[in-house]
Amino acid sequence: MKRVVGVVAVAGMLAVTVGVPRGAVARERDELVWGPCPDKPKTAVLDDVLTTPARAAEGEVECANLRVPLDYANPYQTISLALNRIKGKTSRDHNHLGVLLVNPGGPGASGRNLAKYVATQLPDHLADRFDVIGFDPRGVGESEPALRCVDPTKYYAAPRPDHVPHNEREEAVLIGRARQYATACGNRWSWLLPHMSTENSARDMDAIREALGEPEVSFLGYSYGSYLGAVYATLFPDRVKRLVLDSVVDPRGVWYNANLSQDAAFDRRHQDFLKWTARHNDVYRLGGTGRAVSFAWYAMRERLRTRPAGGVVGPSELDDIYTVGGYSDAIWPQLAKAFSAYVKRGDTAPMLAAYRRHAENDAKAENGYAVYLGIQCRDAAWPRSWSQWRTDMSRLHAKVPFLTWPNAWYNAPCAFWPEKGGTPVKIQDSPELPPVMLVQAERDAATPYQGALQVRRLFSGSRLLTVPGGNHGVVLGGNRCVDRHLAAYLKDGSLPGPAERSLTGPDVRCEGNPEPAPAARMAARADLGR
């Protein structure tokens with residue numbers, strides 16, 4: 001729900017915003033004018049995991065801007081959303097399947113690069129029949145205004161203070177950083193922050209649907225995008241044609257408790273990585289058991305407190321690098337190589353390379369972070385007493401130390417946010433909602449498996465497809481079984497699994513992709529093939 005895919009209503013506004021008539025704000029929006037796209041930004045999601053093939057010609061990607069109400073209860077002040085479109089090739093007849101709107105999660109991630117990726121990965125017979133639409137949610141990227149709160153060159157200057165405080169003085173420094181960030185956002189954006197919510201983002205989606213002239217839209221949402229899709233389905237069930245929710249957020253935990261659940265899940269997935277490294281001890285030489293490799297990892301982290309790698313990678317930067325491994329095992333060989341090079345030879349170059357590729361923050365990352373906090377801090381109530389945070393994190397850190405404190409500090413500005421959290425939209429079923437396809441990796445760290453089971457319970461017409469492993473974001477990621485079920489569902493609404501859904505486990509299970517091979521063996525195989 002954060003960082004790479006990476007995780008609702010204002011309490012006083014909910015009663016007056018629910019039930020706004022379908023055409024109530026049409027006069028306040030610009031008409032969509034599609035044209036050539038500006039320079040194309042790389043999205044913060046899927047960059048390191050997925051590579052966009054070049055099947056779609058650049059001329060097929062069009063861009064537009066749409067004005068939407070800042071406040072749907074008072075729709076006369078507007079903001080702008082940046083959209084792109086990859087049009088299907090079929091004519092607008094019975095062969096055309098309409099619009100497929102996509103969102104990669106965050107909150108705070110741009111959906112425009114994802115739209116191009118989805119358009120290239122859908123089978124030809126489907127890509128030709130959909131118009132795939134991506135958008136930068138309010139506050140993100142090329143939408144205006146774009147939310148930015150601090151100078152990223154100063155705020156993210158490495159090495160940063162250790163995420164795991166060893167004493168009250170170190171904790172006070174970290175609290176000060178969290179308070180500083182919240183205050184800076186409030187000083188710059190006091191007029192915008194009250195209207196940053198998942199509910200408003202869902203209403204923005206419906207404004208996009210209306211501007212496109214579509215009575216219904218299909219939606220593919222990953223990670224936080226699954227929650228956005230669930231909120232949209234709750235508010236506008238009769239306007240959904242197909243709904244695919246991948247890596248499913250548990251709506252019961254929005255948002256403080258969801259992060260506590262993540263802590264345990266990320267620790268488990270980090271242990272999976274350490275055990276994988278141990279199984280390939282002939283390559284990495286860090287120990288033949290998960291316990292031995294774990295000892296080496298935490299010893300490395302402690303050493304970086306006083307001797308940052310290259311003067312840059314301290315323990316907090318290390319946390320950020322290896323958190324990415326919780327999202328995808330595709331980068332485990334690179335992470336293990338950097339780990340081994342540092343521990344066995346004192347070579348910091350691979351660690352620095354991993355940091356620059358996966359964890360270095362820039363202005364774009366700060367924009368994503370500002371929106372992440374803007375949405376999550378406003379969606380729901382957060383503890384305002386730091387003593388509760390300290391108690392919860394101290395308890396969890398003793399059991400699952402990998403991400404507990406780093407995750408706490410990532411979210412800590414919510415304890416000091418200038419706008420208090422509201423009441424989340426209550427996710428609920430409707431007889432007007434069509435069947436829903438849920439997809440989940442069983443050891444997902446960012447959105448733990450229980451969330452998919454809960455949403456399956458909430459949406460009576462849903463079916464759950466799972467895969468083993470913990471890679472975050474499953475559909476269109478190279479699993480043929482999964483993508484075959486996705487294609488069938490998008491084509492005619494056919495859900496995976498039997499007619500009677502399971503009460504406890506998945507409705508259908510695909511085999512997972514194989515674990516990655518160590519980098520050294522991959523290189524050796526390449527040499528043999530020459």
With a 4.5 Å heavy-atom cut-off, do [X] and [Y] have their side chains touching?
{"X": "V436", "Y": "L245", "answer": "yes"}
{"X": "L304", "Y": "Y342", "answer": "yes"}
{"X": "L403", "Y": "H270", "answer": "no"}
{"X": "V371", "Y": "M196", "answer": "yes"}
{"X": "Q450", "Y": "Q454", "answer": "no"}
{"X": "L396", "Y": "L260", "answer": "yes"}
{"X": "P516", "Y": "P333", "answer": "yes"}
{"X": "F266", "Y": "V400", "answer": "no"}

Checking the side chain of [X] only, and the main-chain atoms of [Y] only, is there a donor and an acceptor separated by less than 3.5 Å?
{"X": "D246", "Y": "V475", "value": "yes"}
{"X": "N367", "Y": "L147", "value": "yes"}
{"X": "Y489", "Y": "L243", "value": "yes"}
{"X": "N479", "Y": "E511", "value": "yes"}
{"X": "S340", "Y": "A336", "value": "no"}
{"X": "S247", "Y": "G473", "value": "yes"}
{"X": "S328", "Y": "V324", "value": "no"}
{"X": "Q440", "Y": "T447", "value": "yes"}
{"X": "T120", "Y": "Y117", "value": "yes"}
{"X": "Q262", "Y": "A446", "value": "yes"}

Strictly by salt bridge (charged side-chain N to carboxylate O under 4.0 Å, His left out), give each pair with a member in residues 402-413 just once, sequence neighbours left out.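 Passing the test, one end in residues 402-413: no pairs.
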Any salt bridge between [X] and [Y], counting N to O under 4.0 Å?
{"X": "K337", "Y": "D347", "result": "no"}
{"X": "R85", "Y": "E60", "result": "no"}
{"X": "D272", "Y": "R269", "result": "yes"}

Check the orientation of F273 and Y322. Use parallel for under 30°, tilted for 30 to 60°, and perpendicular for over 60°.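 Answer is tilted, since the angle falls between 30° and 60°.
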What orientation do W389 and W382 show, parallel under 30°, tilted 30 to 60°, or perpendicular over 60°?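 Answer is parallel, since the angle falls under 30°.
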Derivation of the side-chain contact (heavy atoms from CB on, under 4.5 Å) call for F219 and R242: CA-CA 6 Å; F219 179 75; R242 308 273 191 270; over 6 Å; no
Please report whether the ring centroid of W417 lies less than 6.0 Å from that of W255.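 No; W417 has its ring centre 6.0 Å or more from that of W255.
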Any donor-acceptor N or O pair under 3.5 Å, side chains [X], [Y]:
{"X": "T466", "Y": "E442", "answer": "yes"}
{"X": "W386", "Y": "E171", "answer": "yes"}
{"X": "H358", "Y": "Q334", "answer": "yes"}

If I compare all heavy atoms of [X] with all of [Y], which pair ends up nearest, and what's the gap?
{"X": "L126", "Y": "L490", "result": "CD1-CB, 4.2 Å"}
{"X": "P161", "Y": "S316", "result": "O-OG, 2.6 Å"}
{"X": "Y227", "Y": "P251", "result": "CE1-CB, 4.1 Å"}
{"X": "L286", "Y": "N281", "result": "N-OD1, 3.0 Å"}
{"X": "T504", "Y": "L453", "result": "O-CD2, 3.4 Å"}
{"X": "P468", "Y": "R509", "result": "CB-NH2, 3.4 Å"}

Rounded at 0.5 Å granularity, tell me how far [atom1] in [X] sits from [atom2] in [Y].
{"X": "L458", "Y": "L438", "atom1": "CG", "atom2": "CG", "result": "10.0 Å"}
{"X": "L486", "Y": "L220", "atom1": "CG", "atom2": "CG", "result": "7.0 Å"}
{"X": "L274", "Y": "L335", "atom1": "CG", "atom2": "CG", "result": "10.5 Å"}
{"X": "K116", "Y": "Q121", "atom1": "NZ", "atom2": "CD", "result": "13.5 Å"}
{"X": "R138", "Y": "S143", "atom1": "CZ", "atom2": "OG", "result": "10.0 Å"}
{"X": "M393", "Y": "W405", "atom1": "CE", "atom2": "CH2", "result": "7.0 Å"}

Let's go through L114 and Y222 carefully: what are the C-alpha distance in whole Å and the side-chain angles of both, what is the deciding distance for side-chain contact (heavy atoms from CB on, under 4.5 Å) to 0.1 Å, and is it a yes or a no? CA-CA 10 Å; L114 177 63; Y222 294 87; 4.0 Å; yes
How would you list, by chain and number, every residue that makes a salt bridge (charged side-chain N to carboxylate O under 4.0 Å, His left out) with R268, sequence neighbours excluded? none
Salt bridge (charged side-chain N to carboxylate O under 4.0 Å, His left out) involving R456 - partner list, sequence neighbours excluded: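 Result, salt bridge (charged side-chain N to carboxylate O under 4.0 Å, His left out) vs R456: D507.
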R252 vs N257, side-chain contact (heavy atoms from CB on, under 4.5 Å): CA-CA, chis, key distance, verdict: CA-CA 8 Å; R252 296 172 299 182; N257 287 332; over 6 Å; no
Taking side chain to side chain donor-acceptor pair (under 3.5 Å) as the test, write out the residues that go with R301, two or more places apart. D162, D319
Taken in chain and number order and not counting sequence neighbours, the residues that satisfy side chain to side chain donor-acceptor pair (under 3.5 Å) with E366 are Y181
For N259, which of T404, N411, D392 qualifies under side chain to side chain donor-acceptor pair (under 3.5 Å)?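 Per the side chain to side chain donor-acceptor pair (under 3.5 Å) rule, the option paired with N259 is N411, out of T404, N411, D392.
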Would you find more than 12 non-hydrogen atoms of other residues, nucleotides or ligands less than 6.0 Å from Q388 atom CD?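 Buried by this count: over 12 neighbours within 6.0 Å.
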Given E170, which of R177, R305, R160 fulfils the salt bridge (Lys or Arg N to Asp or Glu O under 4.0 Å) condition? R305
Relative to Y449, does R443 satisfy both conditions: NZ or CZ under 6.0 angstrom from the six-membered ring centre, and within 45 degrees of the ring's axis? no
What do the steps show when you test V61 against R112 for side-chain contact (heavy atoms from CB on, under 4.5 Å), and what is the final call? CA-CA 10 Å; V61 183; R112 293 183 298 144; over 6 Å; no
Does the pair Y410 and Y372 meet the rule for a ring pair (Phe, Tyr, Trp, His ring centres under 6.0 Å), with working shown? CA-CA 10 Å; Y410 194 86; Y372 169 88; 5.1 Å; yes
With a 3.5 Å cut-off and sequence neighbours excluded, list the donor-acceptor pairs that the side chains of residues 290-299 form with protein atoms.
| unit_1 | atom_1 | unit_2 | atom_2 | d |
| --- | --- | --- | --- | --- |
| Y298 | OH | F402 | N | 3.4 |

